[in-house]
Amino acid sequence: MASFLNKFQDAVRTFARSPRFTKDPRKLQFEVDINRLFMYTSYNNLGKNVDEADAEQIIDMASKASFADQQKQVQENIHNQIKILCTAMDAILLDVNEPQESQSKATPSRSGLSFAIGRNGPTNNHPDVPKTRPLKRTELSQRLKDSIGYTLDVKQSQIPHSEAGQGLFLNGEATAGSVIAIYPGVIYTPAYYRYIPGYPRVDARNTYLITRYDGTVINAQPWGYGGETRELWDGSKMLDAKLNTDETEKGSDRFWKMLSKPLESSRVGNGEVLERRNPLALAHFANHPAKDTVPNVMICPYDFPLTEKDMRAYIPNLSFGNAEEVNMRRFGSFWFRWGSRNSESNGPVLKTLILVATTALCDEEVLLNYRLSNSKRRPSWYTPIDEEEDRRRWS
């Protein structure tokens, strides 16, 4: 298996120099990442009987298929894995013999993010919520491992740095190309950046923010560790304060707070019920590798189709703003409104992020290349994995 994966890595380096790829550095890195994801997830689809001939065929397809076709195939590969996960969760949690209860009875408490964005509370007319078995999150996690072969734990990181804190660990075994974790939280498209708590210094006291290539920002801080039930979640629960390493408000923070503040709005979610016990909704706890260590997962953008109603409860994200997003385009470092509103040709989606294994994993810490921008001062714990990739990503 290791030799197959080495072939993929060599192929990616070769493809990155191919003249058929774009010359725009940022878009080039995105295309290279999709090319890599195409190979890993296609490899995973073949199952345990994969051989060297299969690996060679995947590399050949990756060298010939268009970027659009590869991107489409990656989405399909990831969606198939998410569907398997959701089916396994349903088998564990749903009790078809129990009567259903109304979402309106499951009104969440108003706190944290709800105050920051002015949440007024859920609407009244909610669909029924399937009755679930009263399993604790730890028990659900173990049953999921029994079903798909692995689950996730959050515990003290093994990275030898004082700021490492907690890390994400795979409990069990997963093959290369597997969906390892989902990045949870509130999704902000560029049109709604000014509603992110703490704007414009959104990352000053929040290390649980991540950005997709299309500019979509996901704030995992409200999700925290998740919960102990399937519930109507409005994005209002905040991460445990003890996880924030710096709770003191510095002078510069006070300055920015006086200069600007987030716009207030109540446009979070659409009254969705989410399964907050989801054992894989913990991607925000993955750490960057220590020096001389390589990452074992990579980020994959995944557009979850909201038409998949039966799977919705297991996607740990809420979209901020209207379902019909304002069309925004990026020019250099700025985003501008452009033309009319978007209309999804294949229906509305949630623009989420997934962590995909880049090698076979077994009872080990999950490590993700953070790819921090080289235009700002990097923290002492950050050792670049590939400076060229970092530059292209943030060019």
Quiz item: With no hydrogens and no angle check, do the side chains of D33 and Y213 hold a donor and an acceptor under 3.5 Å apart?
Solution: yes
Self-check item: Those residues that, when tested against R212, pass side chain to side chain contact (heavy atoms under 4.5 Å, CB included) (two or more places apart)
Solution: D214, T216, P301, D303, K351, L353
Quiz item: Is the CD atom of E364 crowded by more than 12 outside heavy atoms at less than 6.0 Å?
Solution: yes
Quiz item: Counting heavy atoms not belonging to D386, are there more than 12 under 6.0 Å from its CG?
Solution: yes
Quiz item: Is any side-chain heavy atom of S380 less than 4.5 Å from a side-chain heavy atom of H161?
Solution: yes
Quiz prompt | A88 to L144 - nearest heavy-atom pair and separation | solution = CB-CD1, 4.1 Å
Exercise. Give a yes or no on whether a salt bridge exists between R276 and E228, defined as a side-chain N under 4.0 angstrom from a carboxylate O.
Key: no
Quiz item: What pair of heavy atoms forms the shortest contact from M39 to A62, and how long is it?
Solution: CG-CB, 3.8 Å
Self-check item: CG on L140 to CD1 on I92, rounded to 0.5 Å
Solution: 5.5 Å
Quiz prompt | Partners meeting side chain to side chain contact (heavy atoms under 4.5 Å, CB included) with K309 (sequence neighbours left out) | solution = none
Quiz item: Once you round to the nearest 0.5 Å, how far does CD1 of I58 lie from OG of S42?
Solution: 5.5 Å
Quiz item: Do the side chains of R277 and L135 get nearer than 4.5 Å, heavy atoms only?
Solution: yes
Practice problem: Report yes or no: does Q166 contribute a side-chain atom to a donor-acceptor pair with the main-chain N or O of F285 at less than 3.5 Å? | Solution: no
Self-check item: SB check D69 K72 (cutoff 4.0 Å)
Solution: no
Self-check item: Main-chain N/O of Y314 paired to N278 side chain as donor or acceptor, under 3.5 Å
Solution: yes
Exercise. May I ask you to test the I82-V179 pair for a side-chain heavy-atom distance under 4.5 Å?
Key: yes
Self-check item: From N80 atom CG to I78 atom CD1, the distance as rounded to the nearest 0.5 Å
Solution: 9.5 Å
Quiz item: Roughly how far, to the nearest 0.5 Å, is the OG atom of S178 from the CG atom of L85?
Solution: 11.5 Å
Quiz item: Is there a donor in the side chain of Y382 and an acceptor in the side chain of E163, or the other way round, less than 3.5 Å apart?
Solution: no
Quiz item: Between S147 and R143, is there a donor-acceptor pair closer than 3.5 Å when you use the side chain of the first and the backbone of the second?
Solution: no
Quiz item: Name the one of R378, R393, R371 that satisfies salt bridge (Lys or Arg N to Asp or Glu O under 4.0 Å) with E387?
Solution: R378
Exercise. Show the numbers, then the answer: is there a side chain to side chain contact (heavy atoms under 4.5 Å, CB included) between I210 and N219?
Key: CA-CA 7 Å; I210 194 167; N219 179 16; over 6 Å; no
Quiz item: Would you say L274 and L318 make side-chain contact, with heavy atoms under 4.5 Å?
Solution: yes
Quiz item: If you group Ile, Leu, Val, Met, Phe, Trp and Tyr whenever their side-chain heavy atoms sit less than 4.5 Å apart, what else falls in with I159?
Solution: L367
Quiz prompt | Nearest-0.5 Å distance that lies between atom CG in N369 and atom CG in D390 | solution = 6.0 Å
Practice problem: May I ask you to test the N77-N44 pair for a side-chain heavy-atom distance under 4.5 Å? | Solution: no
Quiz item: Under 3.5 Å, side chain of E231 to main-chain N/O of E275, donor-acceptor pair present?
Solution: no
Self-check item: T352 versus N317, side-chain donor and acceptor atoms under 3.5 Å
Solution: no
Self-check item: Cationic N near anionic O, under 4.0 Å, K27 to E31
Solution: yes
Practice problem: Consider only side-chain heavy atoms of I, L, V, M, F, W and Y, link residues closer than 4.5 Å, and tell whether V356 and L361 are in one cluster. | Solution: yes
Quiz item: Is a side-chain donor or acceptor of N296 paired with a backbone partner of E365 at a separation under 3.5 angstrom?
Solution: yes
Practice problem: Just jot down the side chain to side chain donor-acceptor pair (under 3.5 Å) partners of E308, sequence neighbours excluded, or say none. | Solution: H79
Practice problem: With sequence neighbours excluded, tell me which residues meet side chain to side chain donor-acceptor pair (under 3.5 Å) with S141. | Solution: T151
Quiz item: Of all residues at least two apart in sequence or in a different chain, which pass the ring pair (Phe, Tyr, Trp, His ring centres under 6.0 Å) check with Y370?
Solution: H288, W381
Practice problem: Measure the CZ-OG1 distance between R312 and T307 for me, rounded to the nearest 0.5 Å. | Solution: 12.0 Å
Quiz item: When you check the side-chain N and O atoms of Y43 and D54, is any donor under 3.5 Å from an acceptor?
Solution: no
Practice problem: Measure centre to centre between the rings of Y188 and Y195, then say whether the value is under 6.0 Å. | Solution: no
Practice problem: Go through L170 and L152 one step at a time and tell me if the side chain to side chain contact (heavy atoms under 4.5 Å, CB included) criterion holds. | Solution: CA-CA 5 Å; L170 184 104; L152 296 173; 4.2 Å; yes
Self-check item: Non-hydrogen side-chain atoms of N171 and D363 separated by less than 4.5 Å
Solution: yes
Quiz item: Mind checking whether L355 and C300 have side chains closer than 4.5 Å, heavy atoms only?
Solution: no
